*Asks:* 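To start, I am sharing the structure in question, which I have written as C-alpha cells.
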There are 2 protein chains.
Amino acid sequence: MDLYGEHGFEQTTVAEIAERAGLTERTFFRYFVDKREVLFSGASSLEQFLVGIVAGAPEQDRPIEAVATAIASVADFFQERREFTLRRQSVIGTNTELQERELIKLATLTAAIAEALRRRGVREPSASLAAEAGIAVFKISFERWISGNDESNFSQIVHEHFDELRVVTTGC
Amino acid sequence: MDLYGEHGFEQTTVAEIAERAGLTERTFFRYFVDKREVLFSGASSLEQFLVGIVAGAPEQDRPIEAVATAIASVADFFQERREFTLRRQSVIGTNTELQERELIKLATLTAAIAEALRRRGVREPSASLAAEAGIAVFKISFERWISGNDESNFSQIVHEHFDELRVVTTGC
DNA sequence: TGATTGATGTCAGTGTATGTCATGACTAAA
DNA sequence: TTTAGTCATGACATACACTGACATCAATCA
C-alpha cells in the first residue's frame, strides 16, 4: 500500500515490494497470485461476513430485505475503516487493471449472495436479481460515501438508495 | 477467435496470432492494447447503439422503461448472432482475465447509460440505479439465454426479468 | 521529382509470472 | 539421538506480454 501510494501501482515493481518486505520476488508470488491481489486479500472474509448475515436473517424477511441488511452491515464495517478505505480506493481509482480486479471480486460476492439466498429457498431468477440489485446499491452508495465528507452515514445512504431503487423500478 | 478456441486463451501466444494473421507481434499491439482486447473490439459500437436508444426513447418514458427498451434491442442484436456469441462466450468463460475485461466493459456501458439518462434530465442516484438495474437484468438474462436452447427468445427473457426485478424490489 | 505520411518491420529491452531444484528450520516418529 | 518428512524460502532459469526507438517501404501530394 505504501509503495503503491508513493509511486503509483504501475511504477512499483514486484522487486521493490519484495525488497521492502525483506523477501525475494519468488516469495511474493507464493503469497499473491499476482501484483494486484495484494489489495484484495480481504475479499474472502468480506464474503463470509456477507453470506453469514444473509443466511442468518429472519426467516420471514423477503430476499431483498435480507440483502439490504447485509449490505448495510458491510457499510458499517467500511465506515469504521474510512481512512484505510480512502487510501486503498485512491490507488484503485488510478489504475484500470485494479478496477478490473475489483469488479470481479464484486461479481464473486454477488454470486455468493445469490447462492445464500437459494439456500433460503429463493428461486431463480429472483435470487440473482436480488443479489445484483444489492451490489448495485452498494456500488452507488460507496461512490457517494467516498466522495462525501466524513460525517455522512454510509449505511443510511445504503438504505436511502434501496428505497430509491424501489421507486426507480416501479415509479411509485 | 480460432486460436483461442483451438488451444485456449492462455496457451495461445501473441506470436502465434501474429503469424496466422501474417503480421508481426509489434503490429498486433498497435491494433490491440493487449491480448485480451481482441475479444472486445465491438464494445464501443455496442455502447453507441445502447446510448442512442436511451436518448431516442419517448420523452414521457420513465428511466427504467428507456433502459429496458435499449437492453431488449441489444438482446435482439445478440440473438441474430447466436453462433458467434456462443463461441466467444465459451472462450471468455474459461478464463478469469477475460471475465475481468468483460466486467469492466459492462461497467463502462453502465456509466454510458447513466450519462444518457442524465441528459434526459434524470437526476442522481436514479440515473445510476436505473442503469445498474438494466445491466443486471441483461447479465442474468444473457446467462439464461446462453444456457438455454436456440428457440428461447432473448428479448422476451429480458422483459420477464425486468418484471421480476420489480417484484423482487417491492414484493408485489 | 522530391517530400510527406502512414503502416509495418526490426531490435533491444523491461517486468510479470512460473517451473525446478537446493537449503535450512522445525517437527514427529524410531 | 537419529532419521525422515514437511514447510518456507532462496537461487536460478525461462517464457511471454508489452514498450520504445528507429528503419523501411509504398502511396500520395506539392
Side-chain angles (χ1 to χ4, degrees), chain A residues 1-48 87-109, chain B residues 1-45 47-48 87-108:
Chain A
M1 275 282 292
D2 287 343
L3 282 167
Y4 290 166
E6 286 167 28
H7 313 123
F9 174 77
E10 282 171 48
Q11 282 64 47
T12 306
T13 68
V14 176
E16 288 169 335
I17 300 173
E19 194 194 346
R20 183 164 299 191
L23 292 167
T24 56
E25 262 181 77
R26 193 66 186 86
T27 301
F28 175 91
F29 285 112
R30 286 197 178 100
Y31 284 85
F32 303 102
V33 299
D34 60 38
K35 193 181 155 190
R36 293 178 281 167
E37 196 62 18
V38 194
L39 289 167
F40 300 92
S41 54
S44 70
S45 49
L46 188 68
E47 180 178 317
Q48 280 188 282
R87 241 159 62 90
R88 178 172 171 280
Q89 213 58 25
S90 87
V91 173
I92 294 176
T94 58
N95 184 273
T96 311
E97 289 182 73
L98 291 173
Q99 286 157 31
E100 289 185 340
R101 179 58 50 85
E102 178 161 61
L103 287 171
I104 207 161
K105 293 289 181 186
L106 282 173
T108 307
L109 226 52
Chain B
M1 275 283 292
D2 287 344
L3 282 167
Y4 289 166
E6 286 168 26
H7 314 123
F9 174 77
E10 282 172 46
Q11 282 64 45
T12 306
T13 66
V14 176
E16 288 169 336
I17 300 172
E19 193 194 345
R20 182 164 300 190
L23 293 166
T24 56
E25 262 183 79
R26 194 68 186 83
T27 302
F28 175 91
F29 284 112
R30 286 197 180 100
Y31 283 85
F32 304 102
V33 297
D34 61 38
K35 193 182 154 188
R36 293 178 281 166
E37 195 62 17
V38 194
L39 289 167
F40 299 92
S41 53
S44 70
S45 49
E47 181 178 317
Q48 280 188 282
R87 241 159 63 90
R88 178 172 170 281
Q89 213 58 24
S90 86
V91 174
I92 294 176
T94 57
N95 184 273
T96 311
E97 289 182 74
L98 291 172
Q99 286 156 30
E100 289 184 341
R101 179 58 50 86
E102 179 161 58
L103 287 171
I104 207 162
K105 293 291 180 184
L106 282 173
T108 307

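Below, read A as the first sequence line, B as the second, and so on, with proteins coming before strands; counting in each chain starts at 1. Remember, it's a predicted structure, so these values are computed and weren't measured experimentally.
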*Asks:* By the 4.0 Å heavy-atom rule, please label A:Tyr31 as base, sugar-phosphate, or nothing.
*Replies:* sugar-phosphate

*Asks:* Could you tell me the separation between the CZ atom of A:Arg36 and the P atom of D:dA17, rounded to a whole number of Å?
*Replies:*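 Atom-to-atom, A:Arg36 to D:dA17, this comes out as 15 Å.
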
*Asks:* Rounding to a whole Å, what distance do you find between B:Gln11:CD and C:dT18:C1'?
*Replies:*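 Spelled out: CD on B:Gln11 to C1' on C:dT18 is 13 Å.
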
*Asks:* Between protein and nucleotides 9-12 of chain C, what N or O pairs are separated by less than 3.5 Å?
*Replies:*
from	atom 1	to	atom 2	distance (Å)
C:dG9	OP2	B:Thr24	N	2.9
C:dG9	OP2	B:Thr24	OG1	2.7
C:dG9	OP2	B:Thr27	OG1	2.6
C:dG9	N7	B:Arg30	NH1	3.3
C:dG9	O6	B:Arg30	NH2	2.6

*Asks:* State, with a plain yes or no, whether a side-chain heavy atom of A:Glu100 is found less than 4.5 Å away from one of B:Gln99.
*Replies:* no

*Asks:* Please report the distance, rounded to the nearest Å, between CD in A:Glu19 and P in D:dG10.
*Replies:* 13 Å

*Asks:* From CD of A:Glu97 over to C1' of D:dC18, roughly how many Å is that when rounded to an integer?
*Replies:*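 Between C1' of D:dC18 and CD of A:Glu97: 11 Å.
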
*Asks:* Rounding to a whole Å, what distance do you find between A:Asp34:CG and C:dT16:P?
*Replies:*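 To the nearest whole Å, that distance equals 11 Å.
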
*Asks:* Does the side chain of B:Ile92 reach to within under 4.5 Å of the side chain of B:Phe40, using non-hydrogen atoms?
*Replies:*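 They are in contact (side-chain heavy atoms under 4.5 Å apart), so the answer is yes.
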
*Asks:* Could you check B:Glu16 against B:Gln11 for side chain to side chain donor-acceptor pair (under 3.5 Å), going step by step and ending with a plain yes or no?
*Replies:* CA-CA 10 Å; B:Glu16 288 169 336; B:Gln11 282 64 45; over 6 Å; no

*Asks:* For A:Phe28 and D:dG10, what is the distance between atoms CZ and P respectively, to the nearest whole Å?
*Replies:*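 It is 14 Å, rounded to the nearest whole Å.
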
*Asks:* Give a yes or no on whether a salt bridge exists between B:Glu25 and B:Lys35, defined as a side-chain N under 4.0 angstrom from a carboxylate O.
*Replies:* no

*Asks:* When the distance from CD of A:Glu10 to P of D:dA17 is rounded to whole Å, what number comes out?
*Replies:*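 Spelled out: CD on A:Glu10 to P on D:dA17 is 18 Å.
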
*Asks:* Taking the six-membered ring of A:Tyr4 (Phe, Tyr or Trp), confirm whether the NZ or CZ of A:Arg87 is under 6.0 Å from its centre and within 45° of its axis.
*Replies:* no

*Asks:* Would you check, one step at a time, whether the test salt bridge (charged side-chain N to carboxylate O under 4.0 Å, His left out) holds for A:Lys105 with A:Glu37?
*Replies:* CA-CA 10 Å; A:Lys105 293 289 181 186; A:Glu37 196 62 18; 2.8 Å; yes

*Asks:* To the nearest Å, give me how far apart NZ (A:Lys35) and P (D:dC18) are.
*Replies:*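 The distance from NZ of A:Lys35 to P of D:dC18 comes to 13 Å, rounded to the nearest Å.
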
